[in-house]
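Below, read A as the first sequence line, B as the second, and so on, with proteins coming before strands; counting in each chain starts at 1.
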There are 2 protein chains.
Amino acid sequence: MFKDIAIAALRENGYKITKPREWIVEYLDGNKNHPTALEIFDDIRKSDKSISFATVYNTLDTLVKANIINEITIDSQSSRYDPDTSNHVHFLCEKCKKVIDIHSDKVKPILESMPGKVSGFDIIVRGECDSCIKKS
Amino acid sequence: MFKDIAIAALRENGYKITKPREWIVEYLDGNKNHPTALEIFDDIRKSDKSISFATVYNTLDTLVKANIINEITIDSQSSRYDPDTSNHVHFLCEKCKKVIDIHSDKVKPILESMPGKVSGFDIIVRGECDSCIKKS
DNA sequence: TTGCATGCAAACCATTTGCAAACTT
DNA sequence: AAGTTTGCAAATGGTTTGCATGCAA
């Protein structure tokens with residue numbers, strides 16, 4: 001389970017386990033919405049928990065540095081965060097704005113062809129999804 | 001030549017050919033540095049040309065909309081722009097900060113496997129380049 | 001007890017906007 | 001002449017920072 005792995009990874013890297021960090025990890029567990037920092041902040045606040053903006057940013061930074069989550073740049077306005085660190089592509093439908101995760105074995109060959117050691121990646125494809133094409 | 005193609009494409013899309021647009025297109029012609037809007041602004045100003053910040057942004061937007069250049073998000077701080085719209089991957093060396101363009105036929109299979117119509121993409125791989133590995 | 005982490009508000013900085021003047025067609 | 005485009009400066013909005021207080025270890 002993501003939460004347990006994340007908490008363990010934080011511990012291993014010498015980070016303290018605090019309430020805000022637990023909340024954010026819980027929030028991201030199984031989350032496929034690629035939320036922004038603001039969305040995370042708002043949603044956590046809605047559930048009677050007190051958290052500050054700076055802490056959301058700090059914690060997300062920490063989780064990214066510890067390789068527990070990925071920062072994705074599909075939205076040029078603001079960073080989004082993804083707890084799924086497995087090889088996948090983000091397909092953004094520009095009509096309905098949905099981000100579809102595509103787990104594909106076609107990603108690996110690209111990573112293997114890089115002229116150096118790979119530490120992370122972000123594959124963003126923009127277009128129009130089948131569901132929107134059918135509607136038009 | 002990129003400049004001629006870009007100007008023609010602007011005309012075809014009903015955009016007027018103005019000095020600032022020419023300067024920016026010339027600046028980007030053959031440019032492999034993936035510059036930011038600020039870098040473009042500064043460099044154009046350095047060569048005795050008067051241009052405003054808003055115009056740089058407006059023009060880059062226009063060029064992106066007309067599919068003449070790509071906006072790339074390799075830098076979470078600010079957008080970068082690439083006149084090379086052919087299928088390639090951006091490999092960012094986190095040590096020397098260089099962005100290496102990798103033209104690869106491995107990109108196409110990914111685009112073809114998307115659940116919809118593809119209009120654009122941005123493939124970013126982060127790591128350490130061979131040259132930096134050798135130095136350490 | 002010892003630092004690391006949090007929270008607040010102010011600062012920062014890339015990008016956008018409104019509008020009058022200038023220019024392309 | 002008509003309608004875009006430019007340029008300026010101010011506004012916006014996501015993200016970061018400094019520092020005092022709080023908390024995990």
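Within residues 31-64 of chain A, the residues approaching DNA chain D are Phe53(A), Ala54(A), Tyr57(A), by heavy-atom distance under 4.0 Å.
Rounded to an integer number of Å, the gap from Ile17(B) CD1 to dC23(C) C1' is 13 Å. Computed from coordinates, the Lys19(B) NZ to dC23(C) P distance equals 12 Å when rounded to whole Å.
When every heavy atom of Asp29(A) is checked against every heavy atom of Phe2(A), the shortest pair comes out as OD1-CB, 3.2 Å. Considering all non-hydrogen atoms of both residues, Glu128(A) and Cys93(A) come closest at CA-SG, 4.0 Å.
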Is there a side chain to side chain contact (heavy atoms under 4.5 Å, CB included) between Ile24(B) and Ile51(B) once you walk through the steps? CA-CA 10 Å; Ile24(B) 291 176; Ile51(B) 195 169; 4.1 Å; yes
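Side-chain contact check for Asn70(A) and Thr85(A): no donor-acceptor pair (N or O, by modelled atom type) lies under 3.5 Å. A donor-acceptor contact closer than 3.5 angstrom links the side chains of Asp101(B) and His34(B). If you check the side chains of Ser52(B) and Thr55(B), you find a donor sitting under 3.5 Å from an acceptor.
Toward the 5′ end of DNA chain C lies the nearest nucleotide of Trp23(A), the other residue of the pair Trp23(A) and Thr18(B) mapping further downstream. Map Arg21(B) and Lys16(A) each onto its nearest nucleotide of DNA chain D; the residue landing nearer the 5' end is Arg21(B). Positionally, the nearest nucleotide of DNA chain C for Ser79(B) lies more toward the 5' end than for the other of Arg11(B) and Ser79(B).
Arg45(A) places no side-chain N or O within donor-acceptor distance of the main-chain N or O of Ser50(A), the cut-off being under 3.5 Å.
When DNA chain D is scanned 5' to 3' for any atom under 4.0 Å from a heavy atom of chain A, the first and last hits are dG14(D) to dA25(D).
Aromatic ring orientation, His88(B) versus His103(B): parallel (interplanar angle below 30°, classes split at 30° and 60°).
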